[in-house]
2 protein chains.
Amino acid sequence: MDLDQRIKDKMMKNNIRPSMPRTRIYKYLLEHRNHPTVDTIYKALQSELFSLSKTTVYNTLALFTDKGLVRAIGIEDKELRYDADLHTHGHFKCVKCHAIFDFELDLDTINLQGLSQFIAEDYHLNVKGVCRNCQEV
Amino acid sequence: MDLDQRIKDKMMKNNIRPSMPRTRIYKYLLEHRNHPTVDTIYKALQSELFSLSKTTVYNTLALFTDKGLVRAIGIEDKELRYDADLHTHGHFKCVKCHAIFDFELDLDTINLQGLSQFIAEDYHLNVKGVCRNCQEV
DNA sequence: TTCGTTTTTTGTAACGATTACAAATGTAGA
DNA sequence: TCTACATTTGTAATCGTTACAAAAAACGAA
Ligand SMILES: [Mn+2]
Ligand SMILES: [Mn+2]
Ligand SMILES: [Zn+2]
Ligand SMILES: [Zn+2]
């Protein structure tokens, strides 16, 4: 089964009608793991979806987030970024070059008894600092 | 030494001139550990600082954050919240009542070798879910 | 104190990501 | 085809935040 078909199946399994804008947006997120913004996605897809509206990108990402297909990453001050990689991992933002990196994270090693009175549904470990490239100077 | 004097000393130690708006804003944050927003701080201090401008609150919080007196908490979608509690702890946001709670967190227990190639300066563990109050229903 | 310089505060305008909304378009089933 | 519903679109509005320059306050030398 090819990628496009798998994307459609995945969407239908989550009660999302696989319209053209939706499948393209999801495919873009699967193929671009650099946590793109709404505007990045919008600009990238304009050439293939001429009538695409930015509102559709917003609507679609809200739908995907709600259905659990993607995660919204709130590590920037201003705009949200989106991630189709659902495996447990943290995000590191370089304060110099502003790039956002994934890093591996084992939630099981964390002592989270401070959370015992809560029902935790969603974990976001955001770290800021200096990436390897920006350390050389 | 009384609280006001300790606040002034703390600010001067960090190269912040202890003006009236600054000392009041810092005092407010020390006495209100519920992660207030800019608007909350602004409205609360209006009665004692008649000419206070919201821009001053923004400027002051940016200065405090830069100097390391407070931390900006980006757990909300829209607005930042501010925290004068600098001890290592995580933040939990209840998706039902929208309250933000602190929880204890031992960074040493976390396996962070995924971060080994980065110089990490700032950790934010933000968790979303349902708080104890909102679980009863 | 007085004068000139620097810092701080203030009000207003601008910015920009996001959302609200209703019209237009597309889709599926009878 | 017809009709009800879902999706997409463009525009306007929202709202937290920032830019900017003027006003006010604090400072330091003479
Ligand atoms: Mn990621
Ligand atoms: Mn806190
Ligand atoms: Zn970097
Ligand atoms: Zn709650």
Side-chain angles (χ1 to χ4, degrees), chain A residues 7-8 11-12 14-28 35-67 69-83 93 98 100, chain B residues 7-8 11-12 14-28 35-67 69-83 93 98 100:
Chain A
I7 287 176
K8 283 182 184 173
M11 296 177 70
M12 291 175 73
N14 289 82
N15 293 313
I16 299 170
R17 265 221 285 251
S19 69
M20 185 63 73
R22 286 171 175 174
T23 52
R24 291 303 176 92
I25 291 171
Y26 187 48
K27 191 179 185 183
Y28 182 89
H35 317 98
T37 64
V38 165
D39 198 61
T40 302
I41 299 169
Y42 172 65
K43 285 196 168 67
L45 296 181
Q46 263 181 329
S47 56
E48 40 178 328
L49 298 171
F50 294 103
S51 71
L52 181 66
S53 161
K54 192 175 277 192
T55 302
T56 299
V57 182
Y58 276 104
N59 288 341
T60 302
L61 290 172
L63 179 69
F64 287 175
T65 304
D66 186 58
K67 299 288 188 181
L69 250 66
V70 306
R71 279 159 56 94
I73 310 297
I75 197 174
E76 297 273 11
D77 286 342
K78 300 187 169 286
E79 53 194 338
L80 287 173
R81 289 168 168 274
Y82 290 88
D83 197 343
K93 178 186 176 181
H98 306 119
I100 292 176
Chain B
I7 288 176
K8 283 183 183 170
M11 295 176 70
M12 292 175 74
N14 289 83
N15 293 312
I16 298 169
R17 268 222 283 254
S19 69
M20 185 63 74
R22 286 170 175 174
T23 51
R24 291 303 176 92
I25 291 171
Y26 187 47
K27 191 178 185 184
Y28 183 89
H35 317 98
T37 64
V38 165
D39 198 61
T40 302
I41 299 169
Y42 172 65
K43 286 199 167 67
L45 296 182
Q46 263 181 329
S47 55
E48 37 177 332
L49 298 171
F50 293 104
S51 71
L52 181 66
S53 159
K54 193 176 274 191
T55 302
T56 298
V57 181
Y58 276 105
N59 289 341
T60 302
L61 291 172
L63 179 69
F64 287 175
T65 304
D66 187 56
K67 300 289 188 180
L69 249 65
V70 305
R71 279 159 56 93
I73 309 298
I75 196 172
E76 296 274 9
D77 286 342
K78 302 190 168 281
E79 52 195 337
L80 288 173
R81 290 169 167 273
Y82 290 87
D83 197 344
K93 178 186 175 180
H98 306 119
I100 293 177

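Keep in mind it's a predicted model, so treat the numbers as computed, not measured. Note on naming: letters A, B, ... go to the chains in the order of the sequence lines (proteins, then strands), and numbering restarts at 1 for each one.
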Q.
What is the separation between atom CE on A:Met20 and atom P on C:dG26, rounded to the nearest whole Å?
A. 12 Å
Q) Any side-chain N or O of A:Thr56 under 4.0 Å from OP1/OP2 of D:dT9? A) yes
Q.
More than 12 heavy atoms of other residues, nucleotides or ligands under 6.0 Å from NZ of A:Lys8: yes or no?
A. no
Q.
Strictly distance-based, threshold 3.5 Å: is any side-chain N or O of B:Arg22 a donor or acceptor partner for the main-chain N or O of B:Arg17?
A. yes
**Q.** Nearest-neighbour nucleotide for the A:Arg22 side chain, C:dT8, D:dT7, C:dT10 considered
**A.** D:dT7
Q) On DNA chain C, nearest-nucleotide positions of B:Arg17 versus B:Lys54: which is more 5'? A) B:Arg17
Q: Would you mind classifying the nucleic acid contact of A:Asn59 as base, sugar-phosphate or nothing, using non-hydrogen atoms under 4.0 angstrom?
A: base
Q: Rounded to the nearest angstrom, tell me the gap between atom CG in B:Leu52 and atom P in C:dG11.
A: 9 Å
(Q) Tell me if a side-chain donor or acceptor on B:Thr60 pairs with a main-chain N or O of B:Thr56 at a distance below 3.5 Å. (A) yes
Q: Tell me what A:Thr37 touches on the nucleic acid: a base, only sugar-phosphate, or nothing, going by heavy atoms under 4.0 Å.
A: nothing
Q) Has B:Tyr58 got a side-chain N or O lying under 4.0 Å from the OP1 or OP2 atom of D:dT18? A) no
Q) Roughly how many Å is it from CE in B:Met11 to P in C:dT8, rounded to a whole number? A) 10 Å
Q) Choosing from D:dT8, D:dT17, D:dG16, which nucleotide comes nearest the side chain of A:Thr60? A) D:dT8
Q.
I need the CG-C1' distance between B:Leu49 and C:dG11, as an integer number of Å.
A. 17 Å
Q | Distance below 4.0 Å between A:Thr55 side-chain N/O and D:dG10 OP1 or OP2 | A | no
**Q.** Heavy-atom closest pair, residues B:Leu49 and B:Pro21
**A.** CD1-CA, 4.0 Å
